[in-house]
Amino acid sequence: MSSGGVHYFFEGFSLIKTKGLKRFVFVPLTINLVLFSVAFYFLFGQIEMGIAYVIDLVPEWLGWIKTAISFFLWPLAVISVLLIFALIFGTLANWIAAPFNGVLSEKVERHLTGQDLGDEGVMSLVKDIPRTVGREFTKFIWYVPRAIGFLLLFFFLPVIGQILWFLFNAWMMAIQYCDYPYDNHKVDFTRMRLHLGEHKGKAMTFGMMVNVFSLIPVVNFIVMPVAICGATSMWVRELKHTLHH
């Protein structure tokens with residue numbers, strides 16, 4: 001039975017707790033935890049300085065305006081910065097974790113199809129590093145010019161620009177995480193993207209969930225392995241059956 005992208009995303013939460021899979025979740029989880037902790041610490045300091053600078057521009061006798069600006073700027077600044085940098089730091093995390101993400105996707109697929117998880121050694125992982133990192137570079141090259149365009153809209157087209165940025169990020173998140181099982185089956189990036197486009201509704205709702213949960217403190221630390229597991233489940237149960245060879 002066909003399920004939506006939201007269903008597959010939440011299935012990822014169950015899969016990361018599956019016996020036998022948890023050890024393959026550990027490395028992507030740790031990489032995400034470290035990078036997002038560092039990023040949040042850095043960004044929080046920058047937001048604080050930026051808001052203090054803006055408030056200092058207001059004369060002291062307009063104290064009530066200072067308070068109002070501070071009240072409205074904090075949530076606006078935090079949401080805007082998180083929307084922009086969640087994808088940037090998520091991309092960096094995926095570059096570093098790419099070989100481990102590919103392995104996690106492969107193990108999840110084996111689990112879902114009733115196969116033995118296997119016990120391949122470190123050398124099996126090492127030999128895939130050039131391919132997996134190369135694949136991340138391909139995604140990055142595809143992403144950058146489009147991201148620049150949507151970022152311009154984000155800053156110069158109020159509200160609509162933010163909505164378009166969110167939708168673009170959702171599509172990018174779908175591409176990012178659904179790509180691992182495609183890559184494991186040697187499906188090239190262009191073909192993967194076109195095939196995912198045939199299931200855009202499912203892909204977009206999945207990507208939206210990744211986006212939203214990436215903005216939630218603490219929860220965002222586990223989004224990477226959850227999204228990999230959920231995307232792999234969507235591949236196993238639906239996507240691979242419609243991919244024409």
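Throughout, residue positions are numbered sequentially from 1 according to the sequence presented.
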Do the side-chain N and O atoms of E106 and H111 include a donor-acceptor pair separated by under 3.5 angstrom? no

Donor-acceptor contact present, side-chain T242 to main-chain L239, <3.5 Å: yes

Checking K200 now: which residues fulfil side-chain contact (heavy atoms from CB on, under 4.5 Å) with it, not counting sequence neighbours? W171, M204

Test of understanding: with ring-ring contact (aromatic ring centres under 6.0 Å, His included), list the residues that count as partners of H199, not counting sequence neighbours. H195

Can you list, pair by pair, the side-chain donor-acceptor contacts under 3.5 Å of residues 131-142, counting residues two or more places apart and other chains?
unit_1 : atom_1 : unit_2 : atom_2 : d
R131   : NH1    : D183   : O      : 3.3
R131   : NH1    : D183   : OD1    : 3.1
R131   : NH1    : D183   : OD2    : 2.8
T132   : OG1    : D128   : O      : 3.0
T132   : OG1    : I129   : O      : 3.1
R135   : NE     : D179   : OD1    : 3.0
R135   : NE     : D179   : OD2    : 2.9
R135   : NH1    : V187   : O      : 2.9
R135   : NH2    : D179   : OD1    : 2.6
R135   : NH2    : V187   : O      : 2.7
E136   : OE1    : Q176   : NE2    : 3.1
E136   : OE2    : K139   : NZ     : 2.9
E136   : OE2    : Q176   : NE2    : 3.4
E136   : OE2    : Y180   : OH     : 3.3
T138   : OG1    : G134   : O      : 3.1
K139   : NZ     : Q176   : O      : 3.3
K139   : NZ     : D179   : OD2    : 3.2

Side chains of residues 10-21: which donor-acceptor pairs under 3.5 Å do they make with residues two or more places apart or in other chains?
unit_1 : atom_1 : unit_2 : atom_2 : d
E11    : OE1    : S233   : OG     : 2.7
E11    : OE2    : S233   : OG     : 3.3
E11    : OE2    : R237   : NH2    : 2.9
T18    : OG1    : S14    : O      : 3.4
T18    : OG1    : L15    : O      : 3.0

Less than 4.5 Å apart, side chain to side chain, heavy atoms only: is that true for L243 and R191? yes

Does F9 have its ring centroid less than 6.0 Å away from the ring centroid of F213? yes

Suppose we screen for side-chain hydrogen bond (donor to acceptor under 3.5 Å, both in side chains). Which residues come up paired with T113, at least two apart in sequence or across chains? Q115

Can you tell me how far the NE2 atom of H185 sits from the NZ atom of K240, to the nearest 0.5 Å? 6.0 Å

Is there side-chain contact between V210 and V223, with heavy atoms separated by less than 4.5 Å? yes

Report yes or no: do L194 and M173 belong to one cluster of Ile/Leu/Val/Met/Phe/Trp/Tyr joined by side chain heavy-atom distances under 4.5 Å? no

Filter on salt bridge (Lys or Arg N to Asp or Glu O under 4.0 Å), then keep only pairs touching residues 21-44, sequence neighbours left out; what's left? R23-D119

Test item: L153 and W165 side chains (from C-beta on) under 4.5 Å apart, heavy atoms: no

With a 4.5 Å cut-off on side-chain heavy atoms, are P181 and V236 touching? no

To the closest 0.5 Å, what do you measure between CG (N101) and CD1 (I228)? 3.5 Å

Please find out if less than 6.0 Å separates the ring center of F150 from that of F168. yes

Tell me the salt bridge (Lys or Arg N to Asp or Glu O under 4.0 Å) pairs involving residues 153-172, sequence neighbours left out? none

The side-chain contact (heavy atoms from CB on, under 4.5 Å) partners of V212 (sequence neighbours excluded) come to F166

